[in-house]
Amino acid sequence: MCVCLLCTVLDHKSHDVVPLKEEYEGKKAELGKTELEETLSKEMKKLCPDPELKKVQDFEVDVTLDPDTAHPALILSDDGKQVNHGHLWKNLPDNPERFSSCVSVLGKQSFSSGRFYYEVQVRGKTEWTLGVNGYWTIRLRNENEYKANAGPGVPLTLKSQPQMVGVFVDYEEGLVSFYDVDAAALIYSYSGCSFSEKFYPYFGPCFNDGCKNSAPLIICPLPEN
């Protein structure tokens with residue numbers, strides 16, 4: 001892992017360390033140049049996170065999934081933090097708020113003011129949809145096709161495939177933003193919107209596609225500093 005100079009005499013004073021340049025030269029023989037640069041870039045961003053991302057992370061909220069809204073074919077974890085599509089359609093109460101056509105689920109928590117932020121792991125998935133209320137969302141299809149969904153869809157060109165997606169809403173400012181957490185990069189923002197309804201976090205794990213897309217969406221707490 002990368003550490004700053006100060007860490008070498010504090011938290012990591014008992015660990016072996018080598019200069020970054022020396023480690024780079026050693027890894028060149030093992031990794032391609034592009035892969036190596038991407039790896040080093042991600043490690044450096046972990047040390048010096050993007051100021052904008054760090055700022056919105058201060059508004060982290062605890063989000064759990066609402067089983068009363070879950071499509072009958074979805075599998076929710078007991079702690080309400082994971083969801084994926086299963087093979088069986090469960091016999092569940094016909095709640096008016098339950099999804100019946102989209103394989104989706106909402107968060108239990110609603111928001112009608114202020115700012116909030118949460119992170120979702122999408123690692124191992126070939127398709128997913130994330131956002132709020134099923135409308136202000138972004139999605140992945142066919143493993144590498146990204147799109148913003150509200151209004152006329154907007155294709156998104158990303159430098160890397162996100163493994164963890166951060167969702168931030170500023171209700172009064174009419175802003176919904178999505179971040180690639182590992183790359184500390186903004187994916188897309190809906191801005192200048194006028195919100196009047198309650199917002200619910202929206203999770204669409206999509207069909208498991210013969211187990212190709214069986215990995216769950218996982219709501220993850222931010223690591224402690």
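Below, each value reflects all heavy atoms present in this structure, side chains not excepted, and no hydrogens, waters or symmetry copies.
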- Just jot down the salt bridge (Lys or Arg N to Asp or Glu O under 4.0 Å) partners of Asp62, sequence neighbours excluded, or say none. Lys81
- Write out all pairs satisfying side-chain hydrogen bond (donor to acceptor under 3.5 Å, both in side chains) with one or both partners inside residues 193-204, taking only residues at least two apart or from two chains. Ser104-Tyr202
- Item | Min side-chain heavy-atom separation Asn208-Asn84 under 4.5 Å | no
- Message: Do Gln57 and Val181 make a side-chain contact, defined as non-hydrogen atoms from C-beta onward lying under 4.5 Å apart?
- Response: yes
- Can you name the nearest heavy-atom pair linking Leu74 to Pro205, along with the distance? CD2-CG, 3.5 Å
- All pairs passing side-chain hydrogen bond (donor to acceptor under 3.5 Å, both in side chains) where residues 66-75 contributes a residue, at least two apart: none
- Query: Going hydrophobic residue to hydrophobic residue with side-chain gaps under 4.5 angstrom, can you get from Leu53 over to Val167?
  - Reply: no
- Task: Nearest 0.5 Å please: distance from the CD atom of Gln109 over to the CG atom of Leu65.
- Result: 9.0 Å
- Query: Less than 4.5 Å apart, any side-chain heavy atom of Arg141 and any of Thr129?
  - Reply: yes
- Does any non-hydrogen side-chain atom of Asp58 lie less than 4.5 Å from one of Tyr117? no
- Find out if a path of hydrophobic residues (ILVMFWY) with successive side-chain heavy-atom gaps under 4.5 Å connects Tyr179 to Phe59. yes
- Start with the C-alpha distance between His87 and Cys211, add both sets of side-chain angles, then the distance that settles side-chain contact (heavy atoms from CB on, under 4.5 Å), and finish with yes or no. CA-CA 10 Å; His87 294 283; Cys211 293; 4.3 Å; yes
- Item | Pairs where residues 110-135 contributes a residue and the test salt bridge (charged side-chain N to carboxylate O under 4.0 Å, His left out) is met, not counting sequence neighbours | Arg115-Asp170
- Option passing ring pair (Phe, Tyr, Trp, His ring centres under 6.0 Å) with Phe111 (candidates Phe116, Tyr118, Phe168): Phe116
- Gln161 to Asp180 - nearest heavy-atom pair and separation: C-OD2, 4.4 Å
- Message: Within the structure provided, determine whether Asn213 and Trp128 are in side-chain contact (heavy-atom separation under 4.5 Å).
- Response: no
- Mind jotting down which residue pairs meet the salt bridge (charged side-chain N to carboxylate O under 4.0 Å, His left out) criterion with at least one end in residues 88-107? Sequence neighbours excluded, please. none
- Item | Common cluster, Phe203/Leu106, ILVMFWY with side-chain heavy-atom separation under 4.5 Å | no
- Message: Looking at every non-hydrogen atom in both residues, tell me the closest pair between Gln163 and Gly124 and how far apart they are.
- Response: OE1-N, 4.3 Å
- Flag the pair Leu130 / Val122 as yes when at least one side-chain heavy-atom distance between them is below 4.5 Å, and no otherwise. yes
- Item | Closest approach of Tyr190 to Tyr135 (non-hydrogen atoms, all atoms of both residues) | OH-O, 4.5 Å
- Note on the structure: What one should report as the nearest heavy-atom pair of Val165 and Ile138 is CG1-CD1, 4.5 Å
- Relative to the ring of Tyr171, is the ring of Phe195 parallel (under 30°), tilted (30 to 60°) or perpendicular (over 60°)? tilted
- For Leu222, does its backbone N or O pair with a side-chain atom of Glu60 as donor and acceptor, under 3.5 Å? yes
- Query: Do you reckon Met164 sits in the same ILVMFWY cluster as Leu158, going by side-chain contacts under 4.5 Å, direct or chained?
  - Reply: no
- Query: So, do Cys193 and Trp136 sit near enough that their side-chain heavy atoms are less than 4.5 Å apart?
  - Reply: yes
- Under 4.5 Å between any side-chain heavy atoms of Lys108 and Pro67, yes or no? yes
- Hey, could you give me the CZ/OG distance between Phe199 and Ser112, rounded to the nearest 0.5 Å? 10.5 Å
- Task: Indicate if Leu217 and Phe99 have the same hydrophobic cluster label, given that clusters are the connected sets of ILVMFWY residues with side-chain heavy-atom separations under 4.5 angstrom.
- Result: no
- How close do Leu175 and Ser191 get, heavy atom to heavy atom, and via which atoms? CD1-CB, 4.0 Å
Donor-acceptor contacts, no H, no angles, side chain residues 143-156, under 3.5 Å, sequence neighbours left out:
| from | atom 1 | to | atom 2 | distance (Å) |
| --- | --- | --- | --- | --- |
| Glu145 | OE1 | Asn142 | ND2 | 3.1 |
| Asn149 | ND2 | Thr137 | OG1 | 2.7 |

- Task: Verify whether one side chain among Ser113 and Glu172 offers a donor that lies under 3.5 Å from an acceptor in the other.
- Result: no
